[in-house]
Structure formats: C-alpha cells, structure tokens
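Below, chain A is the first sequence line, B the second, and so on; all start at residue 1.
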2 protein chains.
Amino acid sequence: MATGITPDEFRAYAALIASSTLLQRAVEQNLREQADLTQVQFEILMNLANAGGAGIRMAHLADALIVSRSGLSYQVAQLESRGWITRERSADDERGIVARITPLGERMRQRVFAGHVEVVRRSFLDVLEPAERKTLASALERVADRLR
Amino acid sequence: MATGITPDEFRAYAALIASSTLLQRAVEQNLREQADLTQVQFEILMNLANAGGAGIRMAHLADALIVSRSGLSYQVAQLESRGWITRERSADDERGIVARITPLGERMRQRVFAGHVEVVRRSFLDVLEPAERKTLASALERVADRLR
DNA sequence: TATTGTTATACTCTATAACTATA
DNA sequence: TATAGTTATAGAGTATAACAATA
C-alpha cells in the first residue's frame, strides 16, 4: 500500500470503516421504515427521554447533538408537529425554550428503540463471543472518548 | 431499561453507536477540509484506484457503493469536472460507460488517503493495544459480513 | 452588548421518472 | 423488450445570516 500503515493496521481500519458504514446504513433504514425518523430525530427523542420531565434547553441540545441551532429548530418542529415533543418557555430564563418528550412520544420512542436494538442485536451483538463483546465495549468507549 | 437488553450488551451497543457516529463525523470533516470531498466521492476514488487501468462500469460502481445510478452520475460528474476521473464508452458494450481514475486523481487520492489514515490512526489505531486491535479486526469483519 | 431561538434563504445530496441509445 | 446511463425535477436536511426578544 505504501501509505505508512501496516497490513495488520489496515485490516482493523478496513473492518472498522466497513462495519460502521454498513451499520449506520442499516440503522438509518430501520428508523425510517419503523417511524419515518432520521438519526438526528431519534437522538433528540433519546436525549429528551433521558432528561425526563426536566426537559432540555434548545441551545444545550444543539451542542449535545453537534448540530446548528437552526437545524435543531427544523427537526424539533417536525417532531412537535407529530405530537411527540413539546416546546415551552424556560421558567428561569425568558429567552430559553425547553423541549420535552410527550407521553405519546415516549411510547413511540420505546417501540422504535426496541426495533433499533433488534437491528443492533442481529448485526452486532449476536455475532460476538462474550469475551469479544467485553473487549469491544471497553476499546470502543476509549475511541469515543478520544473523538469527543 | 426494560428493553430486553442486558447492561453488558447495552454498554457494547452504546460504545459502538457513539464511536462509529463520532468517527464518521471526523472522517467526513477531514475529507471535506482536505479536498472538499464527500464520503461517496472518496469511495468512488478508492474503488477506481483499486481497479487500475481497467476502470469500472457505472452500473457496477453504483451497485458496489449502494447508491442510485442518477446519484452516481451526479458525483462522478463532480469528480470529472475536477479532472480526477474520466468516462469513456465501453469497448465491448456500446451502452456502457467505464469510469477511470486519472494520474492527477490518483495523486490527489493518495494524498487524501494518507490524511484520512492519520485521522483513523489518531482516533482509533493509537488507542488500541495490539491484542485489542486483532480482536476488533476479526470481530468487526464478521459484523461487516453479516450486514452485507 | 451578548445570548437565545426562529425564520428566510441557499446549497448539497439523493432519488424517481422520463428519455435516448444500444443489446 | 430489456438494459445502461443521463437529465429534469423535486424533496429532505443542513448551515449562514438576519431578526426579535430577553439578559
């Protein structure tokens, strides 16, 4: 290859790129088919579900998802029009808007998440030995930390 | 969680989704900054470089990249206008078009690939022990095979 | 003055459908 | 008739800039 990468490294590189690309594709297709959701919309729902009744400020959510505020406004409007989330003025800062998941949104999110996990299970979890799964978990956590 | 997934599995799931999302983001940003290339355009270049002088038929390339033919035509036109690839009628099938990488395109591709590998090295390869790298390589190859 | 959030706008990417040319 | 490839077109998603409201 003559690119300053060993065959061993290249194999790991190629496996990572291929598997993550294909997985991303399968996950996005599943979200679209299940509930016509994009990846970003799904992440909005997961974050709001985690926050519970407290909700999350728009600016905070945009930072967490690494999207522009205008882009977040667009996606949040989509979910709001479907009745899955709400937006309210913040109590302590009149400039702020707090987004919250609705009971309907939470029910849908749970259903979608279950299907989502099934995709991950079939293509990932079921393919690994327990020891491999442990190694991957700790190694990929380190990779994610490095990238954050 | 009550979603039919064990804490151990959830940890592996979360690490995989987080690391692959962040890596994809880093890779795409790097390609854009280095040479204003999209992921698809980069994959076109890599495939054509692999094929060498023989080139690849458009229909074949579209199948390999899992994109529509019209979408491929658009991206190929972008690369062609920059002089990185060419399109010629196929010799044996007058309906066919064969895409090939140009010497300029190959030089650029090598440069971009080197930078791309650097990103992967910093965020992935450098973070792993040799034993972890071996485990990840074989495990993720199995994941990719499952998804194909 | 600085920050929050939305909107107007423009741009990129992708796909479907219509079309031409060849098998 | 079927296949290869392109083009016209439309739609989704994202970002920048301008704006109104509040700190």
What's the CG-P distance between B/Leu72 and C/dT12, to the nearest Å?
19 Å
Any non-hydrogen side-chain atom of A/Arg87 less than 4.5 Å from a side-chain atom of A/Val98?
no
Classify B/Arg32 by what it touches in the nucleic acid, base, sugar-phosphate, or nothing, heavy-atom distance under 4.0 Å.
nothing
Looking only at side chains, do A/Gln75 and A/Gln41 share a donor and an acceptor under 3.5 Å apart?
yes
On DNA chain D, more 5' by nearest nucleotide between A/Glu94 and A/Ile66 is A/Ile66
For a quick test of reading the model: is some side-chain N or O of B/Arg89 closer than 4.0 Å to OP1 or OP2 of D/dG5?
no
Give a yes or no on whether a salt bridge exists between B/Arg142 and A/Glu132, defined as a side-chain N under 4.0 angstrom from a carboxylate O.
yes
On the 0 to 90° scale, with breaks at 30° and 60°, tag the A/His116-B/Tyr13 ring pair as parallel, tilted or perpendicular.
perpendicular
With a 3.5 Å cut-off and just heavy-atom distances, do the side chain of B/Thr38 and the base of C/dT12 make a donor-acceptor pair?
no
Would you tell me if any nitrogen or oxygen in the side chain of B/Arg69 comes within less than 4.0 Å of OP1 or OP2 on D/dA4?
yes
For the residue pair B/Gln24 and B/Glu28, confirm or rule out a side-chain donor-acceptor distance under 3.5 Å.
no
Between A/Glu28 (CD) and C/dT14 (P), how many Å, whole number?
11 Å
Nearest-Å distance for atom pair CD/C1', residues A/Gln75 and D/dT14
9 Å
Options C/dT6, C/dT4, D/dT6, nucleotide nearest the side-chain atoms of A/Ala59:
C/dT4
Quick one: does B/Gln78's side chain get under 4.5 Å of B/Thr38's, heavy atoms only?
no
Nearest-nucleotide pick for A/Val40, side chain only, options being C/dT22, D/dT14, C/dT6
D/dT14
Taking only the side-chain heavy atoms of A/Ser73 (C-beta and beyond), determine which of D/dG5, D/dA15, C/dG5 contains the nearest atom.
C/dG5
To the nearest Å, how far apart are B/Arg25 CZ and D/dT14 C1'?
13 Å
Any Lys/Arg nitrogen of A/Arg146 or B/Asp126 sitting under 4.0 Å from an Asp/Glu carboxylate oxygen of the other?
no
Between A/Asp93 and A/Leu37, which is nearer to the 5' end of DNA chain D once each is assigned its nearest nucleotide?
A/Leu37
Identify which nucleotide among D/dA15, D/dA4, C/dT4 has an atom closest to any side-chain atom of B/Arg57, counting heavy atoms from C-beta outward.
D/dA4
Side chain of B/Met58: nearest nucleotide among D/dT6, C/dA2, D/dT3?
D/dT6
Please confirm whether any donor atom in the side chain of A/Ser70 sits under 3.5 Å from an acceptor in the base of D/dT16, or the reverse.
yes
Establish, with yes or no, whether the OP1 or OP2 oxygen of D/dG13 is under 4.0 angstrom from a side-chain nitrogen or oxygen of A/Gln39.
no
Given atom CG of B/Asp36 and atom P of C/dT12, what is their separation to the nearest angstrom?
9 Å
Side-chain (A/Arg100) to main-chain (A/Gly53) donor-acceptor, under 3.5 angstrom:
yes
Taking OH from A/Tyr74 and P from C/dT9, how many angstroms apart are they, rounded to a whole number?
16 Å
Give a yes/no answer on whether the side chain of B/Gln78 brings an N or O atom under 4.0 Å of OP1 or OP2 in C/dT12.
no
Axis-to-axis angle between the two ends of the helix from C/dT1-D/dA23 to C/dA23-D/dT1 (five base pairs per end, rounded to 10 degrees)
10°
Rounded to whole Å, how long is the line connecting atom CG of B/Leu61 with atom C1' of D/dT3?
17 Å
Can you tell me how far C1' of C/dA15 sits from CG of B/Leu65, to the nearest Å?
16 Å
